[in-house]
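Proteins come first, then strands; the chains are lettered A, B, ... in the order of their sequence lines, and each starts at number 1.
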Amino acid sequence: MNWNYIEQLNEPQQQAVQHIKGPAMIIAGAGSGKTRVLTYRIVHLMQHGVDPFNILSLTFTNKAAREMKNRIAEIVGDEARNLWMGTFHSVFARILRVESEKIGYPSSFTIYDTDDAKSLIKKIIAEQELDDKVYKPSLVLGRISSAKNNLFSWQDYANHIELQNEDKYSGKPKLGLLFELYAKRCFKAGAMDFDDLLYNTYILLKNFPDVLNKYQNKFKYVMVDEFQDTNFAQYVILRKLSAQHENICVVGDDAQSIYAFRGANIQNILNFEKDYPDLKTFKLEQNYRSTKNIVSAANSVIANNRAQLKKEVWTDNTEGDKIKVLRAISDNEEGNAVARQIFENKMNDRLLNKDFAILYRTNAQSRSMEEALRKLNIPYRVYGGVSFFQRKEIKDLLAYFRLTINNYDEEALERIYNYPTRGIGKTTYEKLFIKADEWGATIWDVMEKISEPEIDIANNTKQKIADFVTSIKSYSILAKNQNAYEVASHIAQSSGLLRELFNDKTSEGISHYENIQELLAGIKEFTENGNAPLSAPSLEIENAEATRLLTDYMQDIALLTDAEQKDDGYNDKVSLMTVHSAKGLEFKNVFVVGLEENLFPSQLSVNSREELEEERRLFYVAITRAENKLIISYAMSRFRWGNLISCEPSRFLEEIDPKYLSAPETVMSEPKPKNNYSKNNGWKATNGYENFNESSTPVFSKNSFTKNNLKPVSKTPKPAAFKAPTDFLPDNPRDIREGMNVMHVKFGVGKVVKIEGNFPDNKATVNFQGQGDKQLLLKYARLKIVESV
DNA sequence: GGAGGCCTCGGAAGG
DNA sequence: CGAGGCCTCC
């Protein structure tokens, strides 16, 4: 490395980078080159002889970690691999894998995601016969989560008089009990939820001084990005880890704290100053991103917040255009105005689609924007939505992998014990559950001992359970030696899951099948090259030669919730996203839409000062994304939940100093051309833009499955209902045999392909003319024999 | 077991 | 309005 990185930095940036010893806090205004400072600081440490193994760098998202690691690798090369760099959760999970047995967990512990956690809580609420209208699972989980984020165990919770009183007065006295049951159930399943990764790390470091010592020695230098978003548990762990060397450097911007609603605590910044009296503070106040107008407008908005650190963001950039405000008569007109404006700016300023972003407060607002962009044939991409790993079919297959690795994973077991259908019904499962309770064991334990005569289940069902257990156990054995891909594809086939999806020829079914293939391809890539294409920033590879096992893959993806979308190879698109997901990004031209009271600021925030200030910071984040042009819009009426409501302009508009604004424009649709835009080929021909309209949707491009997708879903047309004769009289279901032609009141005439099970629970597969195979329970189906065999 | 009807409810969102 | 959960009915 022979260039001088120090020269690339301004004065305060240099100071921050060169301050190596002792605690430091970098307050970094929007667009002030924070990422550059962070990367160069790590480079600087390494240049001064610090071993990358001794540097821990924590971020909030996988994406941020990935990007930073790549940037450092570009500068220092291969050595970057040895940095400990990742999200709080991934780094702590990694420590816990090594140390978990000390706190009673297997090293193969499962990580429950939010869905797993909610479904477990829901079950517990039902088991306790509590009303899930009062004890809403998401609320219960939220309460448990914030307890853990404040380092309360369930025992602490139960003993805390104030909390107990709060719960009593709010009519939910059983919250503490639910916490206890949930915690015990997770423990029994060898599972940790996201909050446990923090809480258990804390417990580990607190109760095992030797472990604490080991990691304190390892992490001689600790860096934290987005410090304003840390919660209490994270803060305490940080303090513990860095207590020996006190080389801790945190970077953040209180003005961009937008996750308080999830437990982030700006107070940490203030506590930091108190907890480290010899703290050095650096302020990065020069903005390199935006025009003077934009920077000043942002400053004038944030000045309305009471709670903030002193800081003056300024820029040397040009003055730039004044901020434009568009007023539209309705949400659809707002979309049209934005799309038209993008079209014009693109022409006038010779810009690309990807130079534009449309930011909104709520996902529902994307619809009117998408429609308008489509009309003008402007390609766009909507960010956010269901991630690949949350798709049902993916979770199903992953549940097999989870159960293979950890037989006690209750949520995984529940997902698949009868999927694909193998004749183990709900009633059977309940019997297993009761027996497990009786034995003080897990359901898996009972399944393993299913032959015990005291278990009151029919013998043929017992056999099915035994078969299931045998196959999972055989997977577990395979998974110990064979590589991840071999095991994964074996499980996909031998479990019947692949076949099940293959047989579903609906368009959804085909896409499910393709997604599974996609997952397997990712595992293959991981097995061969060590990194899945969708991988989290992989931490150092311990042993490059060793076989990559399924458990390695599962650890790699367990904390992946933001898997990058596959793109269709065409990247020049307008970006549509919520303000939250725009944090950290920048665009030449930015539209912030829906600036209306009760929308931005959100209706739920306007009653408390704290929440309103958070909304204001959110608005601050939105406008500071823009480099050159900022356009703000609002509608005077909009559809919300099916009703047309009228809207007032947002108070935030008035908070922008008017000298940075151009006169508001009321926008109206141009008189409609005779031909509809979208049908007008001449329109396309003259502007030279191709029709993109997301035509080549890849398998899991999110546009193919968000609710905002406007493409008509091809549905198989339903055949007209069959009219049964008025004298229709069903035959005795006991007389139905395979091969017979039968008549059904609704489906008409069909042939019995197969009959399974014994009366009265026997089930027939009947192929009805023009309607395909139907599975019918004979006792209900009321079939009439048309022709016996 | 599964399709379809009815009811409810609605914020943003990382790991 | 639209998605998801639950219940019913076949």
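For A/Asn268, the side chain to side chain donor-acceptor pair (under 3.5 Å) criterion is met by A/Thr230, not counting sequence neighbours. Every residue meeting the ring pair (Phe, Tyr, Trp, His ring centres under 6.0 Å) condition with A/Tyr105, not counting sequence neighbours, appears here in chain and number order: A/Phe187. Looking at residues two or more places apart in sequence or on another chain, you find a side chain to side chain donor-acceptor pair (under 3.5 Å) between A/Arg415 and A/Asp396. By the side chain to side chain contact (heavy atoms under 4.5 Å, CB included) test, A/Thr578 is found to be paired with A/Tyr360, A/Asn363, A/His580, A/Ser581, residues two or more places apart in sequence or in another chain being considered. Listed by chain and residue number, A/Glu411 satisfy the side chain to side chain contact (heavy atoms under 4.5 Å, CB included) test with A/Ser119 (two or more places apart in sequence, or in another chain). In this structure, the ring pair (Phe, Tyr, Trp, His ring centres under 6.0 Å) partners of A/Tyr417, at least two apart in sequence or on a different chain, are A/Tyr429.
Here B/dG14 presents its P atom at 16 Å from CG of A/Asp225, a figure rounded to the nearest Å. Atom-to-atom, CD1 of A/Ile237 to C1' of B/dG15 comes out at 13 Å; the value is rounded to the nearest Å. Spacing between atom NZ of A/Lys392 and atom P of C/dA3 amounts to 18 Å, rounded to whole angstrom units. Taking atom CG of residue A/Asp556 and atom P of nucleotide B/dG15, one finds them 14 Å apart after rounding to whole Å. The separation between A/Leu359 atom CG and B/dA12 atom P is 15 Å, rounded to whole Å. Whole-Å rounding puts the A/Phe389 CZ to B/dG14 P distance at 15 Å. To the nearest angstrom, C1' of B/dG11 lies 10 Å from CD of A/Glu611. Taking atom CG of A/Asp331 as the reference point, atom C1' of C/dC1 lies 12 Å away to the nearest angstrom.
For the pair A/Lys392 and A/Tyr419, the distance from NZ or CZ to the six-membered ring centre is under 6.0 Å and the angle to the ring normal is within 45 degrees.
Proximity of A/Thr578 to the phosphate of B/dA13: a side-chain N or O atom is located under 4.0 Å from OP1 or OP2. An OP1 or OP2 oxygen of B/dG1 is reached within less than 4.0 angstrom by a side-chain nitrogen or oxygen of A/Asn418. Dashed line: the shortest gap from a side-chain N or O of A/Asn598 to OP1 or OP2 of B/dG11 is not under 4.0 Å. Between A/Asn643 and C/dC1 there is no side-chain N or O to OP1 or OP2 distance below 4.0 Å.
Comparing A/Leu604 and A/Gly423, the nucleotide of DNA chain B nearest to each residue sits closer to the 5' end for A/Gly423. Where A/Lys133 and A/Thr362 meet DNA chain B, the nucleotide closest to each residue was compared, and A/Lys133 sits on the side nearer the 5' end.
Among the atoms of the strands shown, only primed sugar atoms or phosphate atoms (P, OP1, OP2) are found under 4.0 Å from some heavy atom of A/Tyr259. When heavy atoms are screened at a 4.0 angstrom cut-off, A/Gln234 is found touching no nucleic acid atom at all.
On a pure distance criterion of 3.5 Å, a polar donor-acceptor pair joins the side chain of A/Thr114 and the base of B/dG15. One can find a donor-acceptor pair under 3.5 Å joining the base of B/dG11 and the side-chain atoms of A/Arg361. A donor and an acceptor atom never sit less than 3.5 Å apart when one is taken from the side chain of A/Gln603 and the other from the base of B/dG10.
Side-chain contact annotation: A/Gln365 with A/Thr362, donor-acceptor N/O pair under 3.5 Å present.
Nucleotides B/dA13 and C/dG4 are separated by 16 Å at their P atoms, to the nearest Å.
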- Please walk me through it: do A/Arg617 and A/Glu614 pass salt bridge (Lys or Arg N to Asp or Glu O under 4.0 Å)? CA-CA 5 Å; A/Arg617 293 192 294 269; A/Glu614 175 146 321; 3.3 Å; yes
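Nearest to the side-chain atoms of A/Arg262 among the listed nucleotides B/dG15, B/dA13, B/dG11 stands B/dA13. For A/His580, taking side-chain heavy atoms from C-beta onward, the closest of the listed nucleotides B/dG1, B/dA13, C/dC1 is B/dA13.
With centroids closer than 5.5 Å and planes inclined by less than 30 degrees as the test, A/Phe60 and the base of B/dG14 fail to qualify as a stacked pair. Between the side-chain ring of A/Trp641 and the base of B/dG10, a stacking contact exists by the 5.5 Å and 30° definition.
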N/O to N/O distances under 3.5 Å, protein versus nucleotides 4-7 of chain C:
none

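Legend: salt bridge (Lys or Arg N to Asp or Glu O under 4.0 Å) pairs involving residues 126-141 of chain A, not counting sequence neighbours, sorted by first then second residue: A/Glu127-A/Arg185.
Taken residue by residue, residues 189-197 of chain A places heavy atoms nearer than 4.0 Å to DNA chain B at A/Phe194, A/Asp195.
Here the CZ atom belonging to A/Arg97 is positioned 7.5 Å from the OG atom belonging to A/Ser108, to the nearest 0.5 angstrom.
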